[in-house]
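Notes to accompany the following structure.
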Amino acid sequence: MASDQNELKLYSNWRSSCSFRVRIALNLKEFTKLNPIGYVPVLVHGDMVLADSFAIIMYLEDKYPHHHPLLPKDIHKKAINYQFASIVSSSIQPYQNIATLKSIGEKLGPDAQLAWAKHHVEKGCIALERLLKDHAGRFATGDEIFLADLFLAPQIHAAFTRFNVDKTQFPILSRLYDTYNEIPAFQDAMPEKQPDAPLTSTS
């Protein structure tokens, strides 16, 4: 009979930042060594179907607590990690979702999509940059990879590569972007490296 771990099945879209952040979590948890399917926004585990990247990541954290913990033990630092995740998932990402941009394009024309998204993404980046000034080390909340990094990496990638946000305005985000790009768990989760990515994709 298949092991409990091998019953996990994951599905995703290559460009989705939700999928991106969960792929990082799976890589850090060494999930591909347990089950090589490896991509998400929906996790199927037996009879359970779990959607939403935040919920999936927290499930993986509880399920595999000894494979690279994603939350610090310090309750204050843990709260800051939740704050970063919330800013990205609630205050930035909704403005760049495909359905939202499609609606903007239909109402205002295709040229308005990028400008509209860029405006809101830049606004979010300003908030993230300010918060990082008080908490960043090598990574977002110190010198270890935690939950905040899983949410920041896909968002920074989208900001710089999809929405043409000026990296020079955000030195800490830019430094983190370069740092994340050196780490295999993040590299392997990149959208263009996914099996369903178009061959011509560059972001």
Side-chain angles (χ1 to χ4, degrees), residues 3-46 48-74 77-94 96-97 128 132 135-159 173 176-177 179-197:
S3 70
D4 179 62
Q5 293 169 328
N6 285 332
E7 292 174 359
L8 288 169
K9 294 182 180 179
L10 301 120
Y11 306 87
S12 88
N13 176 274
W14 70 279
R15 197 167 206 176
S16 163
S17 60
C18 294
S19 301
F20 191 172
R21 70 177 68 115
V22 180
R23 287 194 299 265
I24 297 170
L26 292 169
N27 290 340
L28 290 171
K29 296 288 185 183
E30 298 185 326
F31 179 76
T32 53
K33 292 182 180 179
L34 307 174
N35 185 333
I37 278 191
Y39 51 95
V40 217
V42 173
L43 180 142
V44 178
H45 191 191
M48 182 194 71
V49 178
L50 184 62
D52 184 87
S53 63
F54 208 149
I56 293 171
I57 290 170
M58 297 316 300
Y59 177 81
L60 293 170
E61 176 70 354
D62 289 338
K63 185 70 178 174
Y64 308 108
H66 303 299
H67 291 268
H68 193 113
L70 299 176
L71 286 168
K73 293 182 179 180
D74 180 88
K77 186 175 287 189
K78 184 184 293 186
I80 295 300
N81 273 267
Y82 285 135
Q83 185 176 359
F84 274 112
S86 180
I87 290 172
V88 170
S89 62
S90 300
S91 301
I92 305 176
Q93 185 181 331
Q96 67 184 45
N97 283 347
L128 293 172
L132 284 165
H135 300 286
R138 185 184 178 206
F139 300 107
T141 58
D143 295 326
E144 297 180 73
I145 296 171
F146 287 124
L147 183 73
D149 301 291
L150 275 62
F151 279 76
L152 282 174
Q155 185 57 63
I156 299 170
H157 179 78
L173 289 174
L176 288 175
Y177 179 67
T179 300
Y180 295 146
N181 286 339
E182 296 173 354
I183 299 170
F186 289 75
Q187 291 176 348
D188 293 342
M190 294 291 283
E192 60 268 24
K193 292 189 176 182
Q194 303 318 302
D196 57 329

(request) Heavy atoms only: give me the nearest Phe20-Pro191 pair and the separation to one decimal. (result) CE1-CD, 3.6 Å
(message) Minimum heavy-atom separation for Val22 and Ser53, please, with both atom names.
(response) CG2-CB, 3.4 Å
(message) I need the Leu147 CG to Lys78 NZ distance, nearest 0.5 Å.
(response) 11.0 Å
(request) Work out which heavy atom in Leu50 is nearest to a heavy atom in Ala55; give both atom names and the distance. (result) CD2-O, 3.7 Å
(message) Walk me through whether Leu71 and Met58 qualify under side-chain contact (heavy atoms from CB on, under 4.5 Å).
(response) CA-CA 9 Å; Leu71 286 168; Met58 297 316 300; 3.4 Å; yes
(request) Using modelled atom types only, decide if a donor and an acceptor are shared between the side chain of Gln194 and the backbone of Asp188 within a distance under 3.5 Å. (result) yes
(request) List for me each residue that meets ring-ring contact (aromatic ring centres under 6.0 Å, His included) alongside Tyr180, sequence neighbours excluded, and say none if there are none. (result) Phe186
(request) For Pro72 and Lys77, work out which heavy atoms get closest and say how close. (result) CG-CG, 3.5 Å
(request) Could you name each residue pair satisfying side-chain hydrogen bond (donor to acceptor under 3.5 Å, both in side chains) that touches residues 137-148, not counting sequence neighbours? (result) Asn81-Thr141
Listed pairs under 3.5 Å, donor-acceptor, residues 84-92 side chains, sequence neighbours left out:
residue, atom, partner, partner atom, Å
Ser89, OG, Ala85, O, 2.8
Ser90, OG, Ser86, O, 3.4

(request) With sequence neighbours left out, write down each residue that passes ring-ring contact (aromatic ring centres under 6.0 Å, His included) with Phe139, or none if nothing qualifies. (result) none
(request) Identify the two heavy atoms, one from Asp62 and one from Pro65, that lie closest to each other, and give their separation to 0.1 Å. (result) O-CD, 3.4 Å
(request) Taking the side chain as every heavy atom from C-beta outward, state whether Phe54 and Tyr82 have any atom pair closer than 4.5 Å. (result) yes
(request) Before giving the answer on side-chain contact (heavy atoms from CB on, under 4.5 Å), spell out for Arg23 and Lys193 the whole-Å C-alpha distance, their side-chain angles and the decisive distance to 0.1 Å. (result) CA-CA 11 Å; Arg23 287 194 299 265; Lys193 292 189 176 182; over 6 Å; no
(message) So, taking the atom named CZ in Phe151 and the one named CD1 in Ile24, what distance separates them when rounded to the nearest 0.5 Å?
(response) 10.0 Å
(message) Could you measure the distance from the CD1 atom of Ile80 to the CD atom of Gln83? Nearest 0.5 Å is fine.
(response) 5.0 Å
(request) Enter the distance from His67:NE2 to Leu60:CG here, rounded to the nearest 0.5 Å. (result) 11.0 Å
(message) Rounded at 0.5 Å granularity, tell me how far CD1 in Ile56 sits from NZ in Lys63.
(response) 15.0 Å
(request) To the nearest 0.5 angstrom, please state how far the CG atom of Leu26 sits from the CD1 atom of Ile57. (result) 8.5 Å
(request) Please check if the side chain of His68 supplies one atom and the backbone of Ile145 the other of a donor-acceptor pair under 3.5 Å. (result) yes
(request) List in chain and number order the residues that pass side-chain contact (heavy atoms from CB on, under 4.5 Å) with Ala79, two or more places apart in sequence or in another chain; answer none if no residue qualifies. (result) none
(message) I want to check something: taking the side chain as every heavy atom from C-beta on, are Leu176 and Leu132 in contact at a cut-off of under 4.5 Å?
(response) yes
